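Below: one structure, written as structure tokens.
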Protein chains: 2
Amino acid sequence: MAVKYREIAEFLEKEITEGKFDETNKLPTEEELAKQFEVSRSTVRKAVTQLVNRGYIYQVQGSGMFLRKKSETDYINLGSLRGLTKDLPAKIIETKVLELHVMEADDELASRLQCETGAKLYYTKRLRIVNEEPFSIEISYFKKDIVPYLNEEIAVQSIYTYLIEDLKLSIGFADKVINCALMEEDTANLLQLKSGDPGLIIENTVSLTNGIIFELSKSIFHFQKAKILNRVSFK
Amino acid sequence: MAVKYREIAEFLEKEITEGKFDETNKLPTEEELAKQFEVSRSTVRKAVTQLVNRGYIYQVQGSGMFLRKKSETDYINLGSLRGLTKDLPAKIIETKVLELHVMEADDELASRLQCETGAKLYYTKRLRIVNEEPFSIEISYFKKDIVPYLNEEIAVQSIYTYLIEDLKLSIGFADKVINCALMEEDTANLLQLKSGDPGLIIENTVSLTNGIIFELSKSIFHFQKAKILNRVSFK
DNA sequence: AAGTGGTCTAGACCACCGT
DNA sequence: CGGTGGTCTAGACCACTTC
């Protein structure tokens, strides 16, 4: 942190989620915020833009900044990289690590991860349990030269928290592909569904700020329990 | 248009898609672009930010601006409001208008559209055909006070083009909820699937720039043919 | 050390909303 | 018309990458 506009965005985000502006449904003007935080109006605008992009507010020229309707709480948020734990704060989330070991990239993985065939990868398969019911299966591959160490203790918690806070990785961008497919029997069993039932699938290719891909993942969600939310702003 | 940063973004977007920077995989520096377009560096940065948000490029501090790997062409783009026609430019897209008439909002529609029960709405149900195969079913409700007129000729083409270019509506933001559900028989039939097969569903709540909701839609995609792409940047 | 993007400022002027 | 967001500028200084 230590960057003003991020701090302001974070501060306002917290105020918004705590309901501080719910009565008026409106934020103070940019001018007022600039005065309050003792920064220039440009800096306020940069902070505010983040809130707009995250779907908290919208701006109307000549009129002001307004709260967007709060979204329901039990959606998976496509725009965040925070993971289930942060997306579903109201729920009890458990994780069962089904597999975790180092392996070598085959041709297909190498191509998708843009690395050499045979490069070392961490492979992990996890079952996510929400409110004591199976919710999703997550299969991930991490490049070992970027994520040199991973163990079950970490994988049971949020891997992303570990990557960001401990390994100090800075995540840059991701491609997410969503589709729907019929499940194999073993996958279905893990989710307590029948073979042939569909799964909602998100495939994720994640890069660091410098553009290097470091993770590939595939999450298969219980089709009756998972909903994905994406808030879009045009501008 | 007439806004510099948008024009620059559009210009660069075109150059990128035409492959102008493919050799180096890199864009000119911000300074150079500022000189080229005769604007300040801030204006260049604003244009560039749009390209970043749209998933075309990424920036690396101290190093430069680089192209992101081109995405495959046959994805539905979640971040755009352009509609299928623009998302799948390589495909032949036909639209069959199954229903189109004015109706009154019931309690549920009124609540979701934030209008009065009984308010007039345009209802339309369309079948989208891609490369001569059924691809999706789209059910939409438009507030009639905002979209006063709609006919089959418009509904066969892109409704959004009509809303933006003819009605001069300015779209502000949208909530998109994605999930997966088993289809009813008549829906399945339209997509040439079996009753009980799954559908990939996007429910869309769209607001104007001033925050007023004007459209609700539900698109049910053929689960074997549709893939949704979302490119995310963190910053 | 040079090159390049990231943050921040102060201020001007425009465009739109609501009274 | 006053209030408020939108665009744009010119310039300073910082942080990171690359050599």
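In the text below, chain A, chain B and the rest are named by the order of the sequence lines, each starting its count at 1. These numbers come from a predicted model, not from an experiment.
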Ignoring backbone atoms, test whether [X] places a side-chain nitrogen or oxygen under 4.0 Å from the OP1 or OP2 oxygen of [N].
X	N	result
A/Gln59	D/dG6	yes
A/Ser42	C/dT7	no
A/Ser63	C/dC17	no
B/Lys46	D/dT7	yes

Gap between atoms [atom1] and [atom2], on [X] and [N] respectively (whole Å):
X	N	atom1	atom2	answer
A/Tyr5	C/dG6	OH	P	9 Å
A/Met65	C/dC16	CE	C1'	16 Å
B/Ile212	C/dC17	CD1	C1'	12 Å
A/Phe66	D/dG3	CZ	C1'	12 Å
A/Glu38	C/dA10	CD	P	11 Å
B/Phe37	D/dC8	CZ	P	13 Å
B/Gln50	D/dT7	CD	P	9 Å
A/Lys235	C/dA15	NZ	C1'	14 Å

- Message: Reading DNA chain C from 5' onward, which residue's closest nucleotide shows up sooner: A/Val60 or A/Arg41?
- Response: A/Arg41
- In terms of the nearest nucleotide of DNA chain C, which residue is placed more toward the 5' end: A/Lys4 or B/Thr29? B/Thr29
Taking [atom1] in [X] as the centre, count heavy atoms belonging to other residues, nucleotides or ligands within less than 6.0 Å. Is the count above 12?
X	atom1	result
B/Lys70	NZ	yes
B/Gln36	CD	yes
A/Glu15	CD	yes

- Item | Basic-acidic side-chain contact under 4.0 Å: A/Glu13, A/Arg54 | yes
- Message: Looking at A/Tyr5, I'd like to know if the NZ or CZ of A/Lys46 sits under 6.0 Å from its six-membered ring centre while staying within 45 degrees of the ring's axis.
- Response: yes
- Item | hbond_proxy B/Arg6 side chain to D/dG6 base (donor-acceptor, 3.5 Å cutoff) | no
